[in-house]
Undergrad: 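Take a look at this one; I'll ask things after.
Protein chains get the first letters and strands the later ones, always in sequence-line order, with residue 1 at the start of each.
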There are 2 protein chains.
Amino acid sequence: MVENMEQTQSKPTEDKQLTKQRILAAALDLFSVYGFSTVSMRELGKAVGIKESSIYYHFHNKVHILEMIFEEVYSQIELQRARFMDALQVATSFERKQFIATGVYYVEHILLDNHLYKLIRMLTIEKQHNEKAAEMYTQLLFHWPLNHQERVFTYMMNAGLIKQDNAEELAAEYQAIILYVFQKYFSGATEFNASHMQAAKRELEQLLARFYNRLGKGDGLS
Amino acid sequence: MVENMEQTQSKPTEDKQLTKQRILAAALDLFSVYGFSTVSMRELGKAVGIKESSIYYHFHNKVHILEMIFEEVYSQIELQRARFMDALQVATSFERKQFIATGVYYVEHILLDNHLYKLIRMLTIEKQHNEKAAEMYTQLLFHWPLNHQERVFTYMMNAGLIKQDNAEELAAEYQAIILYVFQKYFSGATEFNASHMQAAKRELEQLLARFYNRLGKGDGLS
DNA sequence: GTCTATAAATGGATAGAC
DNA sequence: GTCTATCCATTTATAGAC
């Protein structure tokens with residue numbers, strides 16, 4: 001189902017940590033598609049290329065694996081924050097093309113980032129019955145991005161780059177657009193190809209352009 | 001885990017169809033929270049109040065139950081269409097209060113309708129690995145509502161009720177707001193209480209009011 | 001129509017050899 | 001560190017009594 005990527009290094013030294021990481025990666029791969037409780041230790045072992053009994057050398061039990069993945073989400077949130085900060089550093093210029101490109105970048109390289117995307121898909125399943133997963137899900141897709149966007153719009157209003165408005169509501173509208181496109185095109189089971197990706201980008205650019213036009217001071221922009 | 005709700009009726013007559021319905025209802029209850037493959041026939045039987053072996057009198061096997069639920073989704077789509085049509089019949093007046101109330105009604109009484117809400121939650125899980133579920137999910141939350149909203153906005157533009165614009169893009173913006181609120185407040189594992197519901201309504205009204213203001217012809221409205 | 005009993009497969013987890 | 005072998009609980013599903 002899932003093959004291992006690196007056959008190169010197999011030195012008996014740091015193999016312990018390496019295998020542990022491979023188990024976590026394979027677990028996320030499987031959990032994000034089938035859900036935690038559906039995936040058996042046998043399947044997981046097969047995906048990693050070891051027997052299921054060997055997994056117990058690295059983890060206490062099955063839920064321990066899930067807990068380790070959950071813990072990783074928090075550091076992933078930090079990473080997302082940092083990466084998004086970089087992407088929005090340029091926002092001080094606030095040019096139309098730049099504004100749209102930033103939103104597209106957010107979907108294409110942060111939400112659809114290989115690792116975060118799998119985490120989101122896993123949380124999408126687990127949040128239905130797991131309170132902690134539900135909490136992480138809203139933090140990841142709502143609370144933090146909204147908080148960030150609100151600060152960006154506040155800054156822009158104070159700098160006179162956009163007309164006065166409610167920054168919190170603007171942030172909500174912005175995130176609504178982002179999540180709408182993300183879920184419309186990337187929420188299902190289907191592998192997404194290039195043309196699929198193109199369609200998503202086209203609609204996102206369209207909606208962001210409309211949003212951008214509404215931000216203007218009525219004079220210089222658009 | 002789940003106890004049965006009705007001990008009252010046990011007449012030997014039409015019990016066959018009735019029990020079948022009770023099994024389907026209990027199955028949806030459990031599948032929508034834990035996912036299809038996680039729920040065992042024992043749990044399901046316990047929820048209904050019969051032994052798991054008795055379920056096989058009503059259904060060929062476990063997947064047969066899922067298939068029956070899936071089939072029901074299509075009729076549910078029709079029902080949603082009819083109900084939404086009723087709700088939007090009034091839209092010909094297009095008064096601010098009415099416009100907002102219609103959107104709130106859509107979330108509160110259609111998306112959060114007991115049955116449809118469970119279907120959506122179930123599809124949220126199954127879509128990750130089931131193509132048919134993924135298809136239904138996008139039909140239910142994207143394709144059909146967008147199609148409907150586009151027709152509504154087109155009609156309104158032709159009637160001169162709102163200023164000329166791209167109806168398809170307007171529909172996308174509208175649905176983005178609806179889904180944003182729906183998922184922000186009702187996507188998790190937590191039971192939602194009255195104050196939670198109030199917060200959701202408040203934000204939805206806020207965003208719909210902003211959307212409404214953008215639709216105006218620049219003169220009479222707002 | 002629902003029950004008990006049971007078959008056959010699969011689940012998580014441990015013990016101990018190498 | 002990973003293996004084989006094994007334990008025991010639970011799973012889906014069937015057979016047959018009532």
Undergrad: Quick one: Phe36(A) CZ to dG11(C) C1', roughly how many Å, whole number?
TA: 12 Å

Undergrad: Over how many whole Å does the gap from Phe59(B) atom CZ to dT12(D) atom P extend?
TA: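 Atom CZ in Phe59(B) sits about 15 Å away from atom P in dT12(D).
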
Undergrad: Using a cutoff of under 3.5 Å, can you pull out all pairs of nitrogen or oxygen atoms linking the protein to nucleotides 8-10 of chain C, with atom names and distances?
TA:
none

Undergrad: Are any of the side-chain heavy atoms of Tyr57(A) and Thr19(A) separated by less than 4.5 Å?
TA: no

Undergrad: Can you confirm whether Ile178(B) sits close enough to Leu204(B) that some side-chain heavy atom of one is under 4.5 Å from a side-chain heavy atom of the other?
TA: yes

Undergrad: How long is the straight-line distance from CZ of Phe142(B) back to CG of Asn147(B), given to the nearest 0.5 Å?
TA: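 Going from CG on Asn147(B) over to CZ on Phe142(B), the span is 14.5 Å.
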
Undergrad: From CE of Met41(A) over to P of dT11(D), roughly how many Å is that when rounded to an integer?
TA: 18 Å

Undergrad: What nucleic acid atoms does Val63(B) come within less than 4.0 Å of, heavy atoms only: base, sugar-phosphate, or nothing?
TA: nothing

Undergrad: Which pairs, with at least one residue in residues 191-205 of chain A and sequence neighbours excluded, count as a salt bridge (charged side-chain N to carboxylate O under 4.0 Å, His left out)?
TA: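 Applying salt bridge (charged side-chain N to carboxylate O under 4.0 Å, His left out) to every pair that reaches into residues 191-205 of chain A, excluding sequence neighbours, yields Glu108(A)-Lys201(A), Lys184(A)-Glu203(A).
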
Undergrad: Could you give the side-chain donor-acceptor pairs of residues 60-69 of chain B under 3.5 Å, partners two or more places apart or in another chain?
TA:
{"residue": "Asn61(B)", "atom": "OD1", "partner": "Val63(B)", "partner atom": "N", "Å": "3.4"}
{"residue": "Asn61(B)", "atom": "OD1", "partner": "His64(B)", "partner atom": "N", "Å": "3.0"}
{"residue": "Lys62(B)", "atom": "NZ", "partner": "Phe36(B)", "partner atom": "O", "Å": "3.1"}
{"residue": "Lys62(B)", "atom": "NZ", "partner": "Val39(B)", "partner atom": "O", "Å": "2.6"}
{"residue": "His64(B)", "atom": "ND1", "partner": "His60(B)", "partner atom": "N", "Å": "3.0"}

Undergrad: Rounded to the nearest 0.5 Å, how far does CH2 of Trp144(A) lie from CD1 of Ile77(A)?
TA: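 So the gap between those two atoms works out to 9.0 Å.
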
Undergrad: Rounded to the Å, how far apart are Leu44(A) CG and dG11(C) P?
TA: 12 Å

Undergrad: Listing request: all side-chain hydrogen bond (donor to acceptor under 3.5 Å, both in side chains) pairs with a residue in residues 111-133 of chain B, at least two apart in sequence or in separate chains.
TA: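 Residue pairs passing side-chain hydrogen bond (donor to acceptor under 3.5 Å, both in side chains), neighbours aside: Arg121(A)-Gln128(B), Gln128(A)-Arg121(B), Asp29(B)-Lys118(B), Glu72(B)-His115(B), Arg83(B)-Asp113(B), Asn114(B)-Lys118(B), Tyr117(B)-Arg121(B), Glu126(B)-His129(B).
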
Undergrad: Stem finding on DNA chain C, please: runs of three or more consecutive Watson-Crick or G-U wobble pairs, both distances under 3.5 Å, sorted by first number.
TA: C:1-10 with D:9-18, C:12-18 with D:1-7

Undergrad: Provide, to the nearest angstrom, the distance between the CD atom belonging to Glu43(B) and the P atom belonging to dT12(D).
TA: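 Glu43(B) atom CD is separated from dT12(D) atom P by 9 Å.
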
Undergrad: Are more than 12 heavy atoms, taken from residues, nucleotides or ligands other than Glu168(B), located less than 6.0 Å from that residue's CD atom?
TA: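 Counting neighbours around CD of Glu168(B), 12 or fewer heavy atoms of other residues, nucleotides or ligands fall under 6.0 Å, so no.
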
Undergrad: Write down the distance between CD1 (Ile55(A)) and C1' (dT14(C)), rounded to a whole number of angstrom.
TA: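 The answer, rounded to whole Å, is 14 Å.
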
Undergrad: Under the 3.5 angstrom rule, does the side chain of Gln149(B) hit a backbone N or O of Glu173(B) as a donor-acceptor pair?
TA: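 Checking the backbone N and O of Glu173(B) against the side chain of Gln149(B), no donor-acceptor pair under 3.5 Å is found.
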
Undergrad: Starting at atom NZ of Lys62(A), determine the distance to atom C1' of dG11(C), rounded to an integer number of angstrom.
TA: 8 Å

Undergrad: Rounded to the nearest 0.5 Å, what's the gap from CD1 on Ile120(B) to OG on Ser32(B)? Could you check?
TA: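 Ile120(B) CD1 to Ser32(B) OG: 11.0 Å, rounded to 0.5 Å.
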
Undergrad: Could you check how far NE2 of His60(A) sits from P of dG12(C), rounded to whole Å?
TA: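 So the two atoms are 18 Å apart, to the nearest Å.
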
Undergrad: Please test Leu123(A) against Phe70(A) for side chain to side chain contact (heavy atoms under 4.5 Å, CB included), starting from the C-alpha separation and ending with a verdict.
TA: CA-CA 9 Å; Leu123(A) 292 176; Phe70(A) 276 1; 3.9 Å; yes

Undergrad: When you compare the protein's N or O atoms with those of nucleotides 2-4 of chain D, which come within less than 3.5 Å of each other, and at what distance?
TA:
{"residue": "dT2(D)", "atom": "OP1", "partner": "Thr19(A)", "partner atom": "OG1", "Å": "3.2"}
{"residue": "dT2(D)", "atom": "OP2", "partner": "His58(A)", "partner atom": "NE2", "Å": "2.8"}
{"residue": "dC3(D)", "atom": "OP2", "partner": "Lys51(A)", "partner atom": "N", "Å": "2.5"}
{"residue": "dC3(D)", "atom": "OP2", "partner": "Ser54(A)", "partner atom": "OG", "Å": "3.0"}
{"residue": "dT4(D)", "atom": "O4", "partner": "Ser53(A)", "partner atom": "OG", "Å": "2.8"}

